[in-house]
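What follows is a set of notes on a single structure, which appears directly below.
Counting starts at 1 for both ligands and their atoms, following the listed order.
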Amino acid sequence: MRQLIAGNWKMNGTRADLKELAALRVALAGNPPGADVLICPPATLIAPAFAAIAGEFALGGQDCHAQASGAFTGDISAEMLKDAGASAVILGHSERRRYYAETDAAVAAKARAAWRAGLTAIVCIGETEGERVAGKALSICEGQLVGSVPEDAVLARLAIAYEPVWAIGTGRTPTEADIAEVHGHIRRCLLSRFGAGGAALRILYGGSVNPGNAAAILRVGDVGGALVGGASLKAADFLQIIAAAPAA
Ligand code: 13P
């Protein structure tokens, strides 16, 4: 399966940073990647980024509202992301769950909105450090997966991102064996829920992925790509991670 290397810029980036996307476009045009590439900049940059990257890679949002439009001050709908040039949206990121109290049910509603608009939903799950220490990593991930991914999921436009909360922005990563254990468990859950369709879903790993550790992480069984935060902000770093993806 072709891997997906996705960058989550979080609340970073102004128009001055479009130069990083332009650099990415030039590099990828000259050396076509062996993986699918996606950048999720702040929503304000999606439209100018779309104009700047000439279709060389894909763009996504970092969240969306469940409704298509309406009196929801400050929110952005999946349809608006699509209109701006996005083809995907990150949903249920642990920062959204933590700072905005997003529940699994809210994430599931947003996933339906993404599919309604024709976007790929990248649904994030992952345990906190306390939950891992308590031996609950697998059950927490399974619970979030069941609650956040609707029964009638559009499998062709779904990816899962396993992001252990304690590994995000900390420089700490799980061992390869731990990543393999969680990704294997997620795969088994997807297979039991969606049958053969669950075999083709990409399960991304996220949390302190960088040019130094990407090659090892991307070769772990059932890892179908990466969701990269800090190391996606600079084209030079992100290109090294893209290059580290094993060929399909
Ligand atoms: P870092 O790569 O900065 O740890 O962030 C990971 C993340 O949260 C991506 O969604």
Side-chain angles (χ1 to χ4, degrees), residues 3-13 17 20-21 24 35-43 45-46 57-64 81 86-100 102 107 110-111 114 119-129 131-132 137 140-141 144-145 148-149 158-176 178-179 182-183 186 202-218 220 223-245:
Q3 295 205 342
L4 171 63
I5 308 299
N8 174 9
W9 277 19
K10 308 192 180 185
M11 197 172 73
N12 298 291
D17 299 295
E20 296 299 329
L21 300 185
L24 202 54
D36 293 337
V37 176
L38 170 73
I39 290 276
C40 300
L45 291 184
I46 294 174
F57 54 92
L59 295 167
Q62 301 174 11
D63 177 43
C64 71
L81 294 174
S87 56
V89 60
I90 297 168
L91 296 174
H93 191 280
S94 63
E95 288 149 16
R96 303 286 321 169
R97 293 178 186 265
R98 177 171 173 202
Y99 300 128
Y100 302 94
E102 278 191 15
V107 177
K110 291 176 179 205
L119 299 178
T120 291
I122 301 173
V123 175
C124 302
I125 60 176
E127 82 285 356
T128 63
E129 181 152 39
E131 289 162 346
R132 172 157 286 274
I140 291 291
C141 289
Q144 290 180 350
L145 188 67
S148 306
V149 176
L158 171 65
I160 307 299
Y162 168 56
E163 298 206 308
V165 178
W166 53 272
I168 294 175
T170 59
R172 296 165 57 206
T173 54
T175 63
E176 288 161 34
D178 286 341
I179 295 174
V182 178
H183 279 240
I186 293 169
R202 290 191 282 207
I203 308 169
L204 314 183
Y205 168 79
S208 296
V209 175
N210 61 47
N213 63 20
I217 289 172
L218 292 171
V220 172
V223 170
L227 183 53
V228 184
S232 71
L233 294 171
K234 294 290 173 214
D237 292 339
F238 196 55
L239 282 164
Q240 289 184 61
I241 296 172
I242 295 166

Starting from [atom], what is the nearest protein heavy atom, named by residue and atom, and what distance separates them?
atom: atom 4 (O) of ligand 1; result: Gly169 N, 2.6 Å
atom: atom 9 (C) of ligand 1; result: Glu163 OE2, 2.9 Å
atom: atom 3 (O) of ligand 1; result: Gly230 N, 2.9 Å
atom: atom 2 (O) of ligand 1; result: Gly229 N, 2.8 Å

Checklist entry - Within the distance-only criterion (no hydrogens, no angle test), does the side chain of Trp9 pair as donor or acceptor with the backbone N or O of Ile39 below 3.5 angstrom? => result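 Flag not set: sc Trp9 to bb Ile39 has no pair under 3.5 Å.
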Checklist entry - For Ser208, does its backbone N or O pair with a side-chain atom of Asn213 as donor and acceptor, under 3.5 Å? => result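 Confirmed, Asn213 side chain pairs with Ser208 backbone.
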Item to check | Numbering as shown, the atoms of ligand 1 that approach Leu227 to under 4.0 Å (heavy-atom distance) | outcome: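 Numbered from 1, ligand 1 contributes 9 (C), 10 (O).
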Checklist entry - How are the rings of His183 and Tyr162 set relative to one another: parallel (under 30°), tilted (30 to 60°) or perpendicular (over 60°)? => result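 Aromatic pair His183/Tyr162 classed perpendicular.
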Item to check | Thr170 N/O to ligand 1 N/O under 3.5 Å | outcome: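 No.
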Next on the checklist: If you take the nearest heavy atom of each of Arg172, His93, Glu95, which one is closest to atom 8 (O) of ligand 1?
Outcome noted: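 Shortest heavy-atom distance from atom 8 (O) of ligand 1: His93.
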Checklist entry - Is it true that Ser208 lies under 4.0 Å from ligand 1, counting heavy atoms only? => result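 Right, Ser208 reaches ligand 1.
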Checklist entry - Looking only at heavy atoms, is any part of Asn8 under 4.0 Å from ligand 1, and if so is it the side chain, the backbone, or both, or is it neither? => result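 The answer is the side chain of Asn8.
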Item to check | side-chain contact (heavy atoms from CB on, under 4.5 Å) evaluation trace for Leu38 with Leu4 | outcome: CA-CA 7 Å; Leu38 170 73; Leu4 171 63; 4.0 Å; yes
Next on the checklist: Under the criterion side-chain contact (heavy atoms from CB on, under 4.5 Å), I'd like the reasoning laid out for Val182 against Tyr205: C-alpha separation, chi angles, the key distance, then a yes or no.
Outcome noted: CA-CA 10 Å; Val182 178; Tyr205 168 79; over 6 Å; no
Checklist entry - Can you check side chain to side chain donor-acceptor pair (under 3.5 Å) on Thr120 and Arg202, steps first, answer last? => result CA-CA 12 Å; Thr120 291; Arg202 290 191 282 207; over 6 Å; no
Next on the checklist: Give me each pair satisfying side-chain hydrogen bond (donor to acceptor under 3.5 Å, both in side chains) with a member in residues 86-95, each pair once, sequence neighbours excluded.
Outcome noted: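 For residues 86-95: Lys10-Glu95, His93-Glu163.
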